[in-house]
Every structure is written in structure tokens, then in C-alpha cells.
2 protein chains.
Amino acid sequence: MRKVTIADVAAQANVSKSTVSQYLNKRYDYMGEKTKEKVKAAIEELGYQPNIVARSLKQKSTKTIGVIVANILHTFTTEVTRAIEDFCNGSDFHTIICNADDDPDKEKHYIEMLRAKQVDGLIIFPTGNNRELYQRMLDDQYPVVFLDRSVQDIPVSAVLLDNEKASQLAVDHLVQKGYEKIGIITTSIINHITPRLERIQGYEEAIRKHGLQLNENYVKSAEPSEIQDRLNELLNLDTPPEAIVAGNDLVLIEVLKYVKQNHIRIPEELAVIGIDDVSFASFYTPAITTVAQPTFKMGKMAAEVLLDKISKKKIKDDRPDFRFEPKLMVRDSV
Amino acid sequence: MRKVTIADVAAQANVSKSTVSQYLNKRYDYMGEKTKEKVKAAIEELGYQPNIVARSLKQKSTKTIGVIVANILHTFTTEVTRAIEDFCNGSDFHTIICNADDDPDKEKHYIEMLRAKQVDGLIIFPTGNNRELYQRMLDDQYPVVFLDRSVQDIPVSAVLLDNEKASQLAVDHLVQKGYEKIGIITTSIINHITPRLERIQGYEEAIRKHGLQLNENYVKSAEPSEIQDRLNELLNLDTPPEAIVAGNDLVLIEVLKYVKQNHIRIPEELAVIGIDDVSFASFYTPAITTVAQPTFKMGKMAAEVLLDKISKKKIKDDRPDFRFEPKLMVRDSV
DNA sequence: CTGAAAGCGCTTACAG
DNA sequence: CTGAAAGCGCTTACAG
């Protein structure tokens, strides 16, 4: 079946392509009633659908943004992504999601690919290891916003959780419940990922604030696959921690697996609190106390800021970082 | 910053645009070594990136597919979608995901929008209520594959679970464990959604096969928000079921919430088995016995079939349905 | 109020 | 081995 084009419609309606185009773009200002009718009829008769690729080429706008996430496995990522899509759809923008899998090479490939596809802007959960590329986008005045993580010395606006506050909330709650031996486990920090560093930082400050002894053996970071081992070390210390802060959802899951396997009772033998309000927290037994991120708001903000940059053309970042408040969800695991 | 185009490269290298284009498309057959060098140098010097939109317009292929899911909230959906993206990325295709939210109007909008954007094909989890549109795609020889659901009398190839088998597996296991009073709850069937209908069908057959009494009070379908009420009815019957098959992940979650709120012990007071191997099944207490769908394989197959149709141009569907085997994951909830 | 013409940035037969 | 020209399907000043 041959595609019907604007030329076919013009012929059918006995007007010029320009007129059809005007009609399509709702520029009715000077269009005669009868002309409008004719064009409308021709479009319906032929089942015409405009070719957006052609329009994009001319208008230099694809009404599409790219989202490059670091790791799609986090619930945080899926929820934020969902919010971005919702917001964009509301503004008639499409969204292409790519998963960099924490791999800078993949991230590079996606950034280049997406820009070649002429997406109007990019939301990136940066791996942090493509500084030249990030800088180039800045130099090109290309619309970008970072999400979840920021990159040292790259002044791209970033939408972030107040991560220090998140672990402070966790520690405060634990202390209030009478715990003093408190450990924290995060995923790997070898790449200096913002939220992990800041959560450890916040933990340490909170410990000090409460006049507790900061024990560096109580702070562990590792790949998810190694977390069970780290936990094992932790709980076999001479004076093991009595409470654990899980740095994110993946860590929490590993903790829960370990706990189940070793028949440890929560919270009697070990108190557990997780950052990221996992889906099963409320109906798990015991229900898990967590620190929730406002994922929906954060995604919406990122999309809003990006679409704003896109429409303004001027990319001025007088306020590069947006910090969001975490929220304590008290349940039964501490 | 002005975009650098193929014309700039040509000027810089002192060759024609055609030659640059040949180079970009790796048609080196007749290209002189020095020419190649010159072009390469010019591209690097200018930091040239081809404009894929222009290429797409000419080539009538965007190397992008659309995926319209019925409801992004199912883990099945997110996992399958992930598999599709992985497979497509491997073939240098991009993926645009849209969530129809079980709303036929949204589905219609996305199908039209995506086709207008010239995506090369579509994977759809059909709502079932846009028959004319589905038929039109068939008439247009437009590449489509259905996923999770099929639509009566619309011969589009569909990638499906063997749903009857799934509930049979569940019932068989329950019966083997000594249960005879077995109920099933699914999400709403008012729209005749394939998997729900087939799962109820399979349940009924299995019940009969085991010589058990088929009790229609034991079969419930409802929106997620009403499932708690249905459960309440079910368990307050004169002879309530002693085991429940949860028709999908969302139903399972509602069941678990209900169970927790009412302090019902699993499996002592109520055996529970869910279709969809939810993320927390293995470390929940008790660990949940489930029937798993091969989500990764199903997504891969859908993508494979679609890309195949796209490359063949000929859309012949001599084998419209692909059925996948569910797998019983025995744990502690029954 | 409507149309002719140029142009967006590529690709591709075809000529030489 | 390389280039001139046409064309993909639109939009948009501009002329009338």
C-alpha cells in the first residue's frame, strides 16, 4: 500500500500543498470555510496521516526526549521513568528509554545515538565517566538534565534526593528506638556515585550528632552479589551491629535474603531499615520501615526542567541542583 | 552552535556530498584510499554526526519500533519490555514504550502517533477494543505482533503464555498437597482479556480432571481495588476455600495484604499460589509458591518475530500464535 | 485568502 | 572512482 502524502490530499482537495499544511497546523486565520471543508474531506477520504519524520526534519524538533538510566533494575529508576513518561506524554513528547547498565561505553553509545536521532533533549542518570561528552553537550547548549546523580565540575542541573537527610532520618529513627550499634551497607562506591557517597556521609554525621562511636567496620560497600558476604562479616564481628541501614532497594533485598536463610528475627535480633520504599514493604512480614524517595515528583521535575530548557532554547542553569526531601515510613522492622 | 552537515564535511574534504555519504554507509567498493582518508579527517575535525531523521525520511525506515503495553504496573510487563529492549538494542533498533493504561482511547492515540512517527513496527499488548485499527494495520501489511493477549478474529501473530497450563500446574500442585477446596481470583474479565479467561478455563478443567466439585462461588474476578472485598466474601462462605490461586501479581499482592491484615497463617489456614513469579517470592515469609512465565524468552520472541517481519517486508502469518510453557516454582506457601 | 518555490539533511540511481 | 541532480514529505516566508 502506497503511503498517502500531503500531495495526494492537495490533489484530491484541489488546493496546494501549502494550504493542506496550513490546515494541518491549524493556521486557520485566513482560510476560507469551503477550503477548510474540502481539505478535511480529502484527508478523511484518503485516511491521510502526516509523516512526522518529514516534519521533524524541517522543524528541527522531534518532540522526543531520550532518557538514559544507569540501571533499570532499581525500583527508583522504573518509578522515576514512569513519571517522566507520564509528564512528557501530557506535553505531547515521546520518550526513548535506554539502559546504560552502569557501563560508560554504553552510555556514550546511547548519548551519541540519541543525539543523532535528533531527540530534543536528554535526561541522564550519569555513570560519571563520560566527562568530555557531558562537557560537549554543555558547550553545544544542548538541553540535558541529570537525575539521581550529579557529576563533579559539570554544571548540568541535577534532580537529586537529599541523600544525607535520608540516612539521617534512618539513623535518627534507629537511635530513638534505642539502637546504638548501627551499620550501613551500600552498593559499590568505586565510581563515586553521588547518592551512595552522600548516604554514607549522612550516616556518619548522624552517628556523630548522636554522640555515638563511629565504627568504620560498620560501613560496607559492595556489588549486590557480594553483599551476603559483607553481611556475614558484619554480623560475625566481636560486637556486631544490632541494626542495619540498607543503602538502596537492591541492598535491602540481599539483607532480607540473608536474614531468611540464617533464621534471624527482625527486629528482635536485627533491626532493618531501607532507603527506597520497595513495593512489598507494607505487606512483608514484618512490614519494612523505609525511607521513601518522592520518585514521582522527582521524575516530573526532571521532565519539567528539561522541557523548559527545550522550549526556551536558552539553557541557563542558575540553579543547577534540585534537592528532594526523603520521608520516613515507619513500619515494623525497627 | 550551528549543526555541521554532510555539506560542511564535503566542503572541508573537497569532495561531493555523495562521496561523504558513500563513506558513511561504508560503501568503500570504489573509493580511493586518499579520498577515504580525507573524508575521515574532515568528519573528525568537524565533529560531524549524521542526522538520522534526514536519513530516515529518505530511507523510509526509522530503525525504531513502538511497544504499547496495556498496563505497565505488572511485573510481567516490565520484564518483557526489558527483554524487548535488550533484543532490539542488539539489532540497533530503538524502542519507544507507551502505556495504554488499559484504555482503548489511549491505545488508539499511541498507535496513530507511533505510526505517524514512522516506527517500523509495533508490539502491542492489545486492549482488544480497537478492532478497526488492528484490522487496518493488517490491511496495510504493517508489521505488528501481539503480546500476552490475542484478539478474536484478528490474525496477528501473538506471543502468549500457555495460560490454561499455568492454572493447571497450580491446581495440580494444590491437589497433590491434599487440597480440595480451591478458589481462584483474577483481575476483571469484563473486557475478555485472553490470559484471564484462559486461566479460569484451565482452572476449571483441572478441577474437573481431578474429580473435584466445581464451585462457581470459588471463582472471582474484580478490579484490584475490589479484590479485598471479594476475598472477604470468599473466606466467609459456609465452606470457604482452603487454597487460593492468585491470577496474577497484582492479585497476589492484594491477597497477601488481606492475609496480613487478618492475621491468617499461610499455608496453615490458607494455601496461596500465584501466577507470575514476583520479585519477592523467594524471600517473603513464607516464601511464595508461584507459576513463573518465561518473560525474558517471550519478550525476545516478540521482538524477533517483529524484526523479522520488518526485514522481510512480507508479513505472512502462517503460524500466528506462539505459546510458552509456564513453570511451577515450589516454595513454602503451599 | 491561496499557491509556487525553496529548503530541511540525507541517499541513490546514473552519467562520465 | 567521483559528482550533479532528483527526491524523501513536509513547512514557511513571500508574492499576489
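Letters go in sequence order (proteins before strands), and every chain restarts at 1.
- Taking atom NZ of Lys117(A) as the reference point, atom P of dC8(C) lies 23 Å away to the nearest angstrom.
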In a table with atom names and distances, give each donor-acceptor pair under 3.5 Å that connects a side chain of residues 294-302 of chain B to protein atoms at least two apart or in another chain.
{"from": "Thr295(B)", "atom 1": "OG1", "to": "Glu79(B)", "atom 2": "OE1", "distance (Å)": "2.8"}

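- Atom C1' of nucleotide dT2(D) and atom CG of Asn14(B) are separated by 13 Å, given to the nearest angstrom.
- The stretch residues 15-23 of chain A touches DNA chain D through Lys17(A), Ser18(A), Ser21(A), each having a heavy atom under 4.0 angstrom from the strand.
- Val119(A) is listed as a side-chain neighbour of Tyr142(A), based on a closest heavy-atom distance under 4.5 Å.
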| What dot-bracket string describes DNA chain D from 5' to 3', counting Watson-Crick and G-U wobble pairs whose defining distances are under 3.5 Å, with [ ] for crossing pairs and | for pairs to another strand? | |||.||||||||.|||
For residues 41-52 of chain A, tabulate all N or O donor-acceptor pairs below 3.5 Å that involve a side-chain atom, not counting sequence neighbours.
{"from": "Glu45(A)", "atom 1": "OE1", "to": "Gln12(A)", "atom 2": "NE2", "distance (Å)": "3.4"}
{"from": "Glu45(A)", "atom 1": "OE2", "to": "Gln12(A)", "atom 2": "NE2", "distance (Å)": "3.1"}
{"from": "Asn51(A)", "atom 1": "OD1", "to": "Val53(A)", "atom 2": "N", "distance (Å)": "2.8"}
{"from": "Asn51(A)", "atom 1": "OD1", "to": "Ala54(A)", "atom 2": "N", "distance (Å)": "3.1"}

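- If you take CD1 of Ile6(B) and P of dC8(C), they are 14 Å apart, rounded to a whole angstrom.
- In this entry the distance linking NZ of Lys36(B) with C1' of dT2(D) reads 15 Å, nearest Å.
- Using a 4.0 Å cut-off between charged side-chain N and carboxylate O, Lys108(A) and Glu112(A) make a salt bridge.
- Residues Ile68(B) and Leu122(B) share a closest heavy-atom pair of CD1-CG, 4.4 Å.
- In this structure Asp105(B) satisfies the side-chain hydrogen bond (donor to acceptor under 3.5 Å, both in side chains) test with no other residue, sequence neighbours excluded.
- Counting all heavy atoms, side chain and backbone alike, Lys38(B) lies closest to Asn14(B) at NZ-O, 4.1 Å.
- The closest side-chain heavy-atom distance from Thr95(A) to Ile123(A) is not below 4.5 Å.
- Of the options Arg149(B), Glu107(B), Lys106(B), a side chain to side chain donor-acceptor pair (under 3.5 Å) to Thr127(B) is made by Glu107(B) and by none of the others.
- Rounded to a whole Å, the CG atom of Leu24(B) is 12 Å from the P atom of dT12(C).
- For DNA chain D, the residues of residues 49-64 of chain B within the heavy-atom distance limit of 4.0 Å (strictly under) are Leu57(B), Lys58(B), Lys60(B), sorted by number.
- The closest side-chain heavy-atom distance from Tyr134(A) to Val151(A) is below 4.5 Å.
- For the residue pair Arg196(B) and Ser188(B), the shortest heavy atom distance occurs at NH1-O, 2.7 Å.
- Protein atom CD of Glu37(A) is 15 Å distant from nucleotide atom P of dC1(C), rounded to whole Å.
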